[in-house]
Amino acid sequence: MANQGNSDASSARKASITHVIFDMDGLLLDTEIFYTEVQEIILARYNKTFDWSLKAKMMGKKAIEAARVFVEETGISDSLTAEDFLVEREEMLQKMFPTSDLMPGSSRLIHHLHANGIPICVATGTHTRHFDLKTQRHGELFSLMHHIVRGDDPEVKQGKPSPDIFLAAANRFEGGPVDPQRILVFEDAPSGVLAAKNAGMSVVMVPDARLDSSYHEVADQILLLVPTTVSGGSLGSSFHKDLS
Ligand SMILES: O=P(O)(O)OC[C@H](O)CO
Ligand SMILES: [Mg+2]
């Protein structure tokens, strides 16, 4: 997979990048912590712990797809169905989402690209109702996006790692469809990185430090968040590991 990714990246590098697509949860917004917290709470009831190997398999996916992974991988599907899991976590998530913070550096990067006339958009697996809650405090930033594709969009038949959402995003740029080789995607999730590569695009992965580094191999470049304070970090030019 790594070779395939690097080979794609080599051909992608021959074409100039002209457009950028951003993932949202865990990339622009610090929302993955909410999912982690509620999943820890639910699993504690079954005397089980939530860990990052399971998190890695869930993040970035559509809600029902991630829910199926959760109940099956933890072995609780006889007690809790994927559908009931979604109902149970919903009340907690709805209180958390309006408090969503931006990830470090995301506002600066978006404003920089927008000010320089680079067409940018969002492709998020989250559905519209949750999207509205998460972005309540960030309307100005998201207004800079040319368009936003959400997980419940009719063109998104399958969630990440299917390329559907990134291809839909490429189609909607002005003068689209844009050649995938000219698109750079920013992603935090293994499923999202795979989706972008499956769409033929180049990907910068910004992984959580707790994610196993084997998931870095598919991405064209890794940007690591280096903490600058106890609670925060900075997404800056000095924090990268080029895999090419
Ligand atoms: O990472 P996103 O923005 O595609 O969102 C996916 C889910 O909502 C959260 O993992
Ligand atoms: Mg994400």
Side-chain angles (χ1 to χ4, degrees), residues 20-40 42 50 52-70 73 82 85-86 89-90 92-94 96-98 100-106 109-110 120-136 138 141-142 145 147-153 155-169 184-199 201 203-211 215-216 218-219 222-223 225 235:
V20 173
I21 302 177
F22 289 99
D23 173 58
M24 187 178 80
D25 288 301
L27 190 284
L28 295 180
L29 296 182
D30 194 5
T31 40
E32 284 296 342
I33 52 168
F34 301 141
Y35 293 100
T36 300
E37 193 175 330
V38 299
Q39 279 141 205
E40 281 172 347
I42 291 171
F50 186 68
W52 269 81
S53 65
L54 176 56
K55 176 84 180 166
K57 294 176 188 168
M58 296 178 66
M59 60 195 305
K61 295 186 174 165
K62 282 188 177 189
I64 188 63
E65 292 167 2
R68 288 193 190 110
V69 171
F70 180 81
E73 294 268 334
F85 162 74
L86 290 181
R89 75 174 192 177
E90 184 65 18
M92 289 185 271
L93 289 177
Q94 286 204 14
M96 294 169 165
F97 285 156
S100 300
D101 284 324
L102 294 174
M103 289 293 283
S106 59
L109 178 56
I110 288 170
I120 52 178
C121 75
V122 168
T124 174
T126 208
H127 57 69
T128 301
R129 197 165 39 79
H130 282 177
F131 175 88
D132 291 345
L133 291 172
K134 291 167 180 173
T135 57
Q136 262 179 26
H138 309 293
L141 194 65
F142 282 82
M145 299 295 169
H147 55 281
I148 294 166
V149 186
R150 304 165 185 84
D152 54 347
D153 189 288
E155 238 182 279
V156 182
K157 307 287 183 215
Q158 293 182 68
K160 301 168 184 178
S162 155
D164 287 6
I165 197 163
F166 288 119
L167 294 175
L184 179 62
V185 174
F186 284 85
E187 256 290 352
D188 68 308
S191 66
V193 171
L194 272 174
K197 295 310 299 180
N198 287 336
M201 301 171 184
V203 194
V204 172
M205 185 183 203
V206 188
D208 188 289
R210 291 162 290 185
L211 188 70
Y215 286 110
H216 298 179
V218 181
I222 303 294
L223 266 177
L225 286 168
L235 198 165

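Both ligands and their constituent atoms are indexed starting at 1 by order of listing.
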Within the 4.5 Å heavy-atom criterion, are [X] and [Y] side-chain neighbours or not?
X	Y	answer
F97	Q136	no
L28	F142	yes
E155	V149	no

For the CG atom of L29 and the CG atom of D23, what is their distance to the nearest 0.5 Å?
9.5 Å
Say you draw a straight line from CG of D188 to CG of D208; how long is it, rounded to the nearest 0.5 Å?
8.5 Å
Heavy-atom contacts with ligand 1 below 4.0 Å: which residues, ordered by chain and residue number?
D23, M24, D25, E32, Y35, M59, G60, K61, T124, G125, T126, K134, K160
One thing to verify: whether D152 and R150 come together as a salt bridge, which I'm taking to mean a side-chain N less than 4.0 angstrom from a carboxylate O.
no
For the pair R129 and E90, find out whether any cationic side-chain nitrogen is under 4.0 Å from an anionic carboxylate oxygen.
yes
Classify the ring geometry of F22 against F186: parallel below 30°, tilted from 30° to 60°, perpendicular beyond 60°.
parallel
Check the orientation of F70 and F85. Use parallel for under 30°, tilted for 30 to 60°, and perpendicular for over 60°.
parallel
Listing by chain and number, which protein N, O or S atoms are under 2.8 Å from the Mg ion (ligand 2)?
D23 OD2, D25 O, D188 OD1
